[in-house]
Amino acid sequence: MLQQTQVATVIDYFNNFVVNFPTVVALANADEEEVLASWAGLGYYSRARNLHKSARIVLSKYRGIFPTSHSELISLPGVGESTAGAILSLACNQSRPILDGNVKRVLSRCHRVAGHYSDSKVLKEFWRLAKYHTPSKQNANYTQAIMDLGATICVPRKPLCSRCPVSRHCKANLCNDQASFPQKKARTIRPEKSLALLAYRNDKGDIYLVKRPNKGVWGGLWSFEECEDTKTAITAAIKEHNIKASIVSSLPKFKHSFTHYHLWIRPIIINSPSLEKGYFNINKMALGIPTPVKKIITMLDSLNPTKSNE
DNA sequence: GAGCCGTGGGA
DNA sequence: TTCCCAAGGCT
């Protein structure tokens, strides 16, 4: 959960997740659908599918006992070099390096590392430095400490160098150019895409949802049928879905931003009589639904609150 | 190896 | 409003 996601964002999801899946065995025995439902809203959904896969591997291959060797950990889906290092140092107190965003920032300032870590040569240098600093003893303490240092003192903007325990070793601090590290990545403009989401409701108030393929955005989650945001494409798609369907309202489009593009979403609210297959009472089902889709469902409920909770 | 994969908070 | 970026990994 913590991969590319801040602690504050994770906490509620984590607490809920470990209630639903208290042990590795419980997670392994769960359906992927339940796991994704517990993950919905957190993002990067391949993490949830990989975690579930890993739990099943731990159960089948390691008899439910989580492995504690680097080679076994790194072979689990979703566990890369840094996560393996975090597990081995924090849980097992082994001398293994990690390299998360916090550590990169601390190291980049401490050693005035030029370039951005998206450059593989620079990344290699970060790993070299991370290994160099990793102590042979008490590495659990060290790992927690350098991450917390990055999270609380050596923060991205306006680092609190006067309170930093290693400021006298920090090259950037000594040169007084902390603001120049880590070097920014040359920013690229995110393209804008657009689509229409077709929110079909049948006579019972159930909603039509389709399961998305694992590959691509919102992988494995449930979403509305989508089509090109043009009048002709929308009309054709609705006619194809249900000849008796009629548009209730076309809501104003809104923007949802991803890391690598912006998406303009136009919700189309549609009455779809006499159909049941593929329609869900989402109040009764625990389904993994992406955030903007959930947002539209909330709008739906406020449009027609009477039928939604039977 | 470069692109892809979510979302929310802070400035 | 827009941009940055976060306990990264996979293809």
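Chain letters run A, B, ... following the sequence lines, proteins first and then strands; every chain starts at 1.
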At less than 4.0 Å, is any side-chain N or O atom of A/Lys255 found next to OP1 or OP2 of C/dT1? Yes or no. no
Quick check on the 6.0 Å ring-centre criterion: do A/His52 and A/Phe21 meet it? no
Mind calculating the distance between CD1 (A/Ile189) and C1' (C/dT2) to the nearest angstrom? 14 Å
Describe the nucleic acid contact of A/Arg49 in one word from base, sugar-phosphate, nothing, applying a heavy-atom distance below 4.0 Å. nothing
What one-letter contact string describes nucleotides 4-11 of chain B from 5' to 3', where B marks a base within less than 4.0 Å of any protein heavy atom, S marks contact via sugar-phosphate atoms alone, and - marks no contact? SBBBS--S
A/Phe14, CZ atom: more than 12 neighbouring heavy atoms under 6.0 Å: no
Between A/Lys185 and A/Gly101, which is nearer to the 5' end of DNA chain C once each is assigned its nearest nucleotide? A/Lys185
Rounded distance in Å - CD1 (A/Ile11) to P (C/dA6): 17 Å
Of the residues in residues 77-90 of chain A, which ones touch DNA chain C at a heavy-atom distance under 4.0 Å? A/Pro77, A/Gly78, A/Val79, A/Gly80, A/Glu81, A/Ser82, A/Thr83
Can you confirm if the aromatic rings of A/Phe254 and A/His256 lie within a centre distance of less than 6.0 Å? no
Round to the nearest Å and state the distance from A/Arg105 atom CZ to C/dG8 atom P. 10 Å
If I pick the P atom on C/dA7 and the same atom on B/dA11, what distance separates them, to the nearest angstrom? 15 Å
Looking only at atom P, what distance separates B/dG6 and C/dT11, rounded to whole Å? 14 Å
From CZ of A/Phe126 across to P of C/dG8 the rounded distance in Å is 14 Å
Counting the benzene-type ring for Trp, do A/His133 and A/His111 have ring centres under 6.0 Å apart? yes
d(CG, A/Asp100; C1', C/dA7) in whole Å: 5 Å
Close aromatic pair by centroid cut-off 6.0 Å: A/Trp222 and A/Phe280: yes
Of the listed C/dC4, C/dC10, B/dG1, the closest approach to the A/Ser120 side chain comes from B/dG1
Is it true that the NZ or CZ of A/Lys204 lies under 6.0 Å from the centre of A/Tyr279's six-membered ring and within 45 degrees of the ring axis? no
For salt bridge (Lys or Arg N to Asp or Glu O under 4.0 Å), just list the numbers for A/Glu72 and A/Lys61, CA-CA rounded to whole Å, side-chain angles, deciding distance to a tenth of an Å, and then say yes or no. CA-CA 10 Å; A/Glu72 289 170 326; A/Lys61 190 171 178 182; over 6 Å; no
Cation-pi check for A/Tyr117 against A/Lys104: NZ or CZ below 6.0 Å from the six-membered ring centre and within 45 degrees of the axis, yes or no? yes
